Every structure is written in structure tokens, then in C-alpha cells.
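To start, the structure under review is shown below, and the notes come after it.
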There are 2 protein chains.
Amino acid sequence: MSDRKSRSSATGQVTLQDVALHLGISAITVSRALKTPQRVSETLRARIMSAVTELGYRPNHAARSLASARSDSVLVLVPSLSNEVFVDTLSGIHEVLIPRGYQALIGNTHYSPQEEEKQLGVFLGHNPDGILLTGLDHTPRVRQWLADCGVPVVYMMEIDDARDSRCVGLSQFDAGQVITRYLVGKGYRRIAYVAAQVDPRTLKRAEGYRAALREAGCYEAGREIWVPTPSSIGLGASLLDRLLKEQPDCDAVFCCNDDLAQGMLFQCQRRKVAVPGQLAICGFNDLAASAWTNPPITTIATPRYAIGREAAQMLLSAIDGDMPPAKLDLGFSLVERLSA
Amino acid sequence: MSDRKSRSSATGQVTLQDVALHLGISAITVSRALKTPQRVSETLRARIMSAVTELGYRPNHAARSLASARSDSVLVLVPSLSNEVFVDTLSGIHEVLIPRGYQALIGNTHYSPQEEEKQLGVFLGHNPDGILLTGLDHTPRVRQWLADCGVPVVYMMEIDDARDSRCVGLSQFDAGQVITRYLVGKGYRRIAYVAAQVDPRTLKRAEGYRAALREAGCYEAGREIWVPTPSSIGLGASLLDRLLKEQPDCDAVFCCNDDLAQGMLFQCQRRKVAVPGQLAICGFNDLAASAWTNPPITTIATPRYAIGREAAQMLLSAIDGDMPPAKLDLGFSLVERLSA
DNA sequence: CCAATGAATGGTAGCGCTAACATATGAAAA
DNA sequence: TTTTCATATGTTAGCGCTACCATTCATTGG
């Protein structure tokens with residue numbers, strides 16, 4: 001063994017045993033020094049720590065997970081990674097998880113419950129200590145697995161009042177209603193709703209939109225445009241063309257998200273349609289760019305960063321103690337800008 | 001045991017042993033039926049598969065990883081998740097990894113080599129079968145760990161001709177040079193370079209910019225603005241103000257990325273600065289929005305999706321066989337639009 | 001002075017799975 | 001027939017770690 005670092009393990013990595021042998025103590029003491037330092041005398045602990053550094057010991061996650069039946073990892077399933085909304089949510093989640101020693105396993109479901117089911121199947125094999133899911137709509141099998149596996153779950157983005165579950169989010173219905181009421185309050189009457197990437201949340205925003213228009217007595221069934229393709233600025237631009245052709249009399253449009261709103265605005269600029277003069281535009285989510293376009297876009301700011309943080313917090317409480325299920329409504333705010 | 005599903009395991013989960021017992025065969029055969037189906041007779045395989053489904057068996061990843069010394073997971077470290085560039089790269093990576101049964105462990109280094117070192121330390125404990133890193137600049141300890149651990153690594157985004165390593169990317173220098181030459185070719189002479197979130201790649205683009213200006217005989221040292229804060233559209237807007245104040249005579253600006261370029265463009269619109277009439281603007285990366293602004297933004301399109309795909313491909317080859325180290329230059333392309 | 005107590009450390013077993021080797025079985029070759 | 005050989009399945013022994021219980025030893029109250 002002329003190796004700079006002594007390695008007893010079959011796989012060539014430095015093990016707890018190596019550290020223990022090096023110090024003439026037992027492996028379990030080294031394990032304790034790392035996991036529960038207060039249970040090892042201070043002097044020995046110091047020696048252990050320096051040996052750990054010297055030998056370059058790094059805990060083997062698989063072995064730890066197998067022996068202790070916990071993995072210090074949390075599964076996070078989001079519908080998209082190209083949507084700023086979920087990236088921000090992930091940041092909030094990380095901010096809480098990382099300092100507590102947890103690791104996030106990120107899965108992208110591409111807005112598909114089937115894909116979500118598939119991912120959950122794979123990731124459950126990793127024995128996550130907790131699970132963070134987006135939204136409330138899941139396949140029966142997913143619900144079954146979640147019920148069976150006994151791992152705490154927190155649902156993000158929406159609030160569910162019916163079930164005995166934990167969730168952190170906001171009322172998508174209310175948000176859709178508030179911004180539509182705002183448009184009504186500004187005097188607009190022929191208000192369209194444009195949605196892409198149909199998901200449960202855009203459906204709920206649409207319900208809020210309809211409710212607001214009905215209460216104002218100006219609801220018309222034909223004023224909605226739905227496309228199933230993923231949302232994007234380019235799609236917003238082409239949907240503006242479609243809107244102007246199909247509903248030339250419309251005076252305002254509520255886009256289900258800011259991407260579409262930005263695309264619509266850019267296309268209005270191109271076609272010399274005055275915003276908000278000829279057409280008022282509202283978005284949803286308050287993405288970073290929406291404050292800087294010309295005019296800046298009126299939208300609903302959603303607290304996605306806080307949602308991530310609070311959801312992670314709630315999940316850790318559920319993992320640690322026996323915090324009972326709770327709902328946390330973080331609300332939203334109307335951001336009045338110049339596009340409406 | 002009146003449990004609907006029989007569970008022998010101490011942890012309550014359905015194990016290979018459960019499936020084996022259920023069929024009156026040995027665990028290893030079940031293991032084989034799942035990992036190397038061709039080594040189990042067709043009839044038995046079918047029985048095993050249906051028992052697996054019936055009992056709801058799900059492989060335990062930790063146990064598999066511990067026993068086989070492989071984890072079927074690949075570590076991916078990117079500097080940011082809020083940057084479209086790396087999200088696209090991740091998509092490319094996933095597209096290759098997932099069908100091959102690998103799982104990506106994603107770490108966000110926030111553009112910090114120290115954070116990268118910390119993350120690598122944690123993730124190495126997960127025994128990744130391969131590692132994908134962004135860029136070529138890493139701390140000495142990271143380089144040491146990578147050399148020691150024997151896990152194949154592929155570097156993404158840049159091309160390194162010196163070392164005996166695998167990398168997939170493009171020449172950031174050349175790209176910076178090409179777009180600057182383009183501006184020079186268009187007749188611009190007082191060209192500024194604006195960079196935020198200083199990283200090795202923006203530095204190399206700057207070198208390309210300088211080389212192009214020197215060869216055209218119009219290089220001036222004071223025409224660069226560097227800020228260390230993260231790049232954003234809002235920052236681009238405020239840097240436009242700074243540029244106009246500090247270099248009122250400048251006739252074109254090359255932004256180190258499209259976010260800044262978009263912010264600058266929006267601020268130009270606000271301040272009624274004609275683009276490209278009074279000021280030409282170029283970006284870098286060709287983000288989705290850049291094609292839709294008014295005017296659309298001239299930029300360098302980077303093949304980040306392909307980079308992710310090819311890097312993952314190269315990594316898997318390295319894991320499987322003994323593919324020798326190779327460099328893959330995927331190039332870039334100048335996207336001429338109306339902002340310059 | 002001795003038992004009782006608590007703090008510090010060790011021994012043992014096993015988490016769920018698979019590598020490596022061992023064995024059984026039947027078909028083809030000698 | 002016997003040997004060979006490939007195919008199908010089983011046995012054994014760990015992977016590196018921690019839960020659980022046992023042991024040691026100093027301290028303290030009776």
C-alpha cells in the first residue's frame with residue numbers, strides 16, 4: 001500500500017471502518033461523532049474529525065439510507081423547469097432544505113399526470129423522506145401510492161379545502177376573479193381569456209374570470225381561446241393575431257400567464273395596436289420581464305418563492321414531528337401597471 | 001397478517017424476497033428477471049413480472065446501489081437554474097439519460113466554484129456513475145476529487161484543448177469575436193461590451209470582442225462595463241442608463257447575454273433611443289424572447305440543447321466502455337436580426 | 001464502602017440487494 | 001451410452017452503515 005490514503009474497502013472508497021481502524025476505535029463511534037456529536041466526548045470527537053479530513057472520508061449515502069431507512073432527500077415534482085414560476089419555487093425549497101441537510105430530488109413531469117406517475121414510481125425507490133407535489137390533480141395510482149407509502153406529502157400552488165392534506169398555495173380562482181374584476185372596474189366589457197398549456201390552475205383562473213364577468217353581467221361564452229401546446233412568447237404573438245381576427249371587437253384580454261401576455265404585447269407593437277388604448281393586456285404570475293416591457297404589464301404576482309419555502313418548511317415539520325395537516329394560503333397581489 | 005399485501009421486510013416495504021417467497025423461488029432469480037431478463041426463462045419471467053405488479057414491488061435504490069457499487073445516477077452541476085441556457089442544457093441531458101435508465105442529480109452552484117466544491121462533496125457520497133460539469137474552471141480540491149474518485153466526467157459549454165479530458169461545447173472566444181466582427185462589418189466603430197455575472201465564459205467572450213476590435217484597429221480600453229451581480233433584464237435597463245452617461249458617443253453594444261440585451265432594448269424604447277439607429281444592440285445565447293422584441297435582437301445562437309445531449313451521450317459511452325477522452329465542438333451561429 | 005446512576009464506547013446483526021460461484025437440468029456431441 | 005456444454009436456477013457472502021443492546025468506568029448518594 002503505497003497509496004497516499006489507506007483504503008480497506010472493496011470498492012476503493014474510504015469507509016467509516018477505515019477511519020475507526022486508523023484511530024483504533026470502533027466504527028460506530030465514528031458514526032456517532034458525525035451524526036450525533038454530543039454523544040461523543042469532545043477530545044475523541046476532535047481526533048475523529050481530523051482523521052475524517054485527513055483520510056478524505058465521505059459518507060456513503062446508499063449505506064446510510066439502507067441502514068437507517070431514511071435518505072435525507074426530498075422528492076420534488078414540478079410540471080416544468082423552463083417556467084420561471086417553478087424555478088422560483090425550487091429556489092424557495094432549496095433555501096429551506098439545504099441548510100437542514102436535505103437534498104432535493106427534482107423531477108419534471110412536463111404537465112402530465114401520467115409522467116408524474118412514472119416519475120413517482122422511480123423516485124419512491126429512492127426512499128424520499130418527504131414529497132412535494134405541484135397541484136392537487138393526480139392519477140388514482142399516485143394517490144394510492146402516496147397513501148400506502150407513509151411518506152409525508154405537501155401539495156404546492158393550490159389550496160385544497162376538502163381533503164385531509166397539507167398544502168401551501170393560493171386560490172387560483174380568486175386570483176382570476178380579482179384581475180378580471182379589475183379590468184371590469186377599468187371599464188372594459190369585452191374581455192377575452194387566452195390560455196395555453198391547459199392545466200388545472202389555468203382552468204381555475206378561467207373559472208374566476210367567468211365568475212367576475214357574470215357578476216358584472218358581461219360574460220360571453222365565445223371569448224375564450226384555449227390551446228393545448230406549451231405556453232411561450234411566440235405562441236402569445238400568434239394568439240394575438242388569432243384574437244384580433246376572431247374577436248375584433250374585444251377591448252381587453254386576460255392571459256393565463258405572462259409569457260402569453262408578453263408575446264401579445266410584442267405583436268401589438270408590431271401591428272401598431274395601441275396597448276392599452278385599443279387592447280388592454282393582463283398577464284399572470286408577474287415574471288421578471290413583465291415590469292420592463294413597454295408598456296409594463298399588469299398582472300397577478302404570485303408568491304411562488306414563499307410557496308416553495310413554506311411548503312418545504314411544512315414538510316420538514318411533518319417529517320420531524322407529528323405536525324397535523326394544515327393549509328397555508330399565501331395569497332397573491334394585483335400588480336397595476338400600464339398595459340391595462 | 002391480514003394486510004392486503006404481504007410484507008416481510010422490517011421497514012414495511014415489499015422486497016425482492018417477498019416476491020421470491022410468493023412464487024417459491026429465490027430472490028436472485030427475481031433480481032435477474034428485472035435486471036437481465038434474457039437470463040431467466042420466459043415462462044418464469046412472466047410469472048415474476050405479474051407477481052411484481054401484484055405485490056407492488058419497487059426496487060430499493062439504496063440497496064441496489066450498495067450491493068452493485070453503481071447508482072444509475074449522474075451528477076449534473078450547473079451554475080444557475082434561472083438561466084434558460086442551463087435549463088435547455090438540462091433538457092438535452094434528460095433526453096439522453098432517462099431512456100437509458102439513468103437519473104440526473106441536479107446541483108445548482110450559483111456561479112461559485114466554492115459552492116460547486118461543496119455540492120460535489122455531498123453528491124459524491126451518492127456514488128454517481130458519471131459527472132457533468134459546467135465550464136473548465138474548478139477549485140484544486142474539485143480537480144483532486146475528480147481525479148481520485150475514478151468517475152468519468154464530461155465538461156460542458158467550453159472546449160479545452162490542453163487537458164486530457166472530455167468536453168462538449170463551443171469556443172466562447174470565437175463567438176465573441178464573430179459577433180464583434182459582424183458589428184465592425186456593419187460599420188460600427190465605437191462598440192462597448194457589457195457583462196454581468198462575471199464567469200469564465202463572459203471573460204472569454206470579452207477576449208474575442210477585444211481581438212476583433214484590435215484587428216479592426218478600433219479597440220479602446222474604456223469601452224467595457226463589468227458588474228458582478230447576477231444578470232437580469234432590470235440590470236440591463238440600468239446598465240443602458242450607465243452606458244449612455246459614461247460613453248455617450250458609443251454606437252453599438254455587445255451584451256454578454258440576451259437578458260442584458262433585452263433590458264437595454266426596453267430601456268432604449270423608454271428613453272426614445274432608436275435601435276439600431278442611435279445604438280445597435282447585440283446579445284448572446286439567443287433566448288426565446290429575443291426573436292420577438294421590437295426590434296428583434298441580433299445574437300449568437302448557442303447549441304445548448306445539443307450540448308446537453310451530446311455531453312450526456314459522451315458520458316454514457318465513457319461509463320459503459322472505455323471510450324477515450326474526446327473534444328466535441330458544436331459551434332454557434334450568428335443570428336442576424338434588426339437590432340444591429 | 002457499595003450500589004446506583006449516567007456517560008462513553010463497543011459488539012452484533014441486519015437493512016435489501018447483487019457479484020461470484022455452485023449446482024441442476026437437458027440437449028447435443030463423441 | 002457417456003461426456004460436454006450451455007442454460008436455468010440456487011447459495012453464500014458481503015456492500016457501508018446504523019439500531020439496538022451490552023459493557024465499561026467514573027461519579028455520587030446512602
Side-chain angles (χ1 to χ4, degrees), chain A residues 6-48 51-52 55-73 124-127 129 149, chain B residues 6-48 51-52 55-73 124-127 129 149:
Chain A
S6 69
R7 295 199 184 124
S8 69
S9 137
T11 56
Q13 73 177 262
V14 181
T15 70
L16 264 191
Q17 193 63 242
D18 295 333
V19 178
L21 252 43
H22 182 84
L23 295 171
I25 60 178
S26 81
I28 186 70
T29 306
V30 181
S31 170
R32 273 197 282 256
L34 296 172
K35 297 283 280 186
T36 50
Q38 74 283 2
R39 297 191 39 181
V40 174
S41 69
E42 209 167 324
T43 48
L44 184 53
R45 195 164 71 222
R47 289 179 56 216
I48 290 173
V52 161
L55 299 181
Y57 169 74
R58 197 174 295 115
N60 181 315
H61 184 262
R64 172 177 287 182
S65 171
L66 186 58
S68 67
R70 52 198 322 283
S71 60
D72 291 331
S73 67
L124 278 181
H126 289 244
N127 293 318
D129 296 338
C149 71
Chain B
S6 68
R7 294 195 185 127
S8 67
S9 137
T11 56
Q13 73 178 262
V14 180
T15 70
L16 264 191
Q17 192 63 243
D18 295 334
V19 178
L21 252 44
H22 182 84
L23 295 171
I25 59 178
S26 81
I28 188 70
T29 306
V30 181
S31 171
R32 275 198 278 257
L34 296 171
K35 297 282 279 186
T36 49
Q38 75 282 2
R39 297 191 39 181
V40 173
S41 70
E42 209 166 324
T43 48
L44 183 53
R45 195 164 71 223
R47 288 178 58 215
I48 290 173
V52 161
L55 298 181
Y57 168 75
R58 196 172 296 115
N60 181 316
H61 183 262
R64 173 176 288 182
S65 171
L66 186 58
S68 67
R70 53 197 323 281
S71 61
D72 291 330
S73 67
L124 278 182
H126 288 246
N127 293 319
D129 296 338
C149 71

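This one's a predicted model, so the numbers in the text were calculated from it and none came from an experiment. Chain letters run A, B, ... following the sequence lines, proteins first and then strands; every chain starts at 1.
If you measure from atom CG of A:L66 to atom P of D:dT18, you get 11 Å, rounded to the nearest angstrom. The distance between atom CZ of A:R58 and atom P of D:dC17, rounded to the nearest whole Å, is 12 Å. Whole-Å rounding puts the A:L23 CG to C:dA8 P distance at 18 Å. Note: CZ (B:R45) to C1' (D:dA8) measures 12 Å, nearest angstrom. Going from atom NE2 of B:H61 over to atom C1' of C:dG16 covers 13 Å, rounded to whole Å. Atom-to-atom, CD of A:Q38 to P of C:dA7 comes out at 12 Å; the value is rounded to the nearest Å. Rounded to whole angstrom, the span from the CD atom of B:Q17 across to the P atom of D:dT12 amounts to 13 Å. Rounded to a whole Å, the CG atom of A:N60 is 17 Å from the P atom of C:dG16.
Checking D:dG10, D:dG16, C:dT9 against the side-chain heavy atoms of A:V40 singles out C:dT9 as nearest.
Note on B:S26: a base of the nucleic acid sits closer than 4.0 angstrom, heavy atoms only.
Within the 3.5 Å criterion, the main-chain N or O of A:A33 finds no donor-acceptor partner in the side chain of A:R45. Of the possible polar contacts, one joining the A:S68 side chain to the A:R64 backbone as a donor-acceptor pair under 3.5 Å is found. Here the side chain of A:S71 pairs a donor or acceptor atom with the backbone of A:N127 at under 3.5 angstrom. Of the possible polar contacts, none joining the A:T36 side chain to the A:R39 backbone as a donor-acceptor pair under 3.5 Å is found.
In plain terms, the two heavy atoms of B:D129 and B:D72 that are nearest each other are OD2-N, 2.7 Å.
For B:S41, no side-chain nitrogen or oxygen approaches OP1 or OP2 of D:dA8 to under 4.0 Å.
Between B:I25 and A:A62, the residue anchored nearer the 5' end of DNA chain D, judged by the nucleotide with its closest heavy atom, is B:I25.
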Using nucleotides 18-22 of chain C, report all nitrogen or oxygen pairs with the protein that are shorter than 3.5 Å.
{"from": "C:dT18", "atom 1": "OP1", "to": "B:R64", "atom 2": "NE", "distance (Å)": "3.0"}
{"from": "C:dT18", "atom 1": "OP2", "to": "B:S31", "atom 2": "OG", "distance (Å)": "2.4"}

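For A:Q38, the CD atom is densely surrounded, since the number of other residues' heavy atoms within 6.0 Å is greater than 12.
At a threshold of 4.5 Å between non-hydrogen side-chain atoms, the residues B:V14 and B:R58 do not count as touching.
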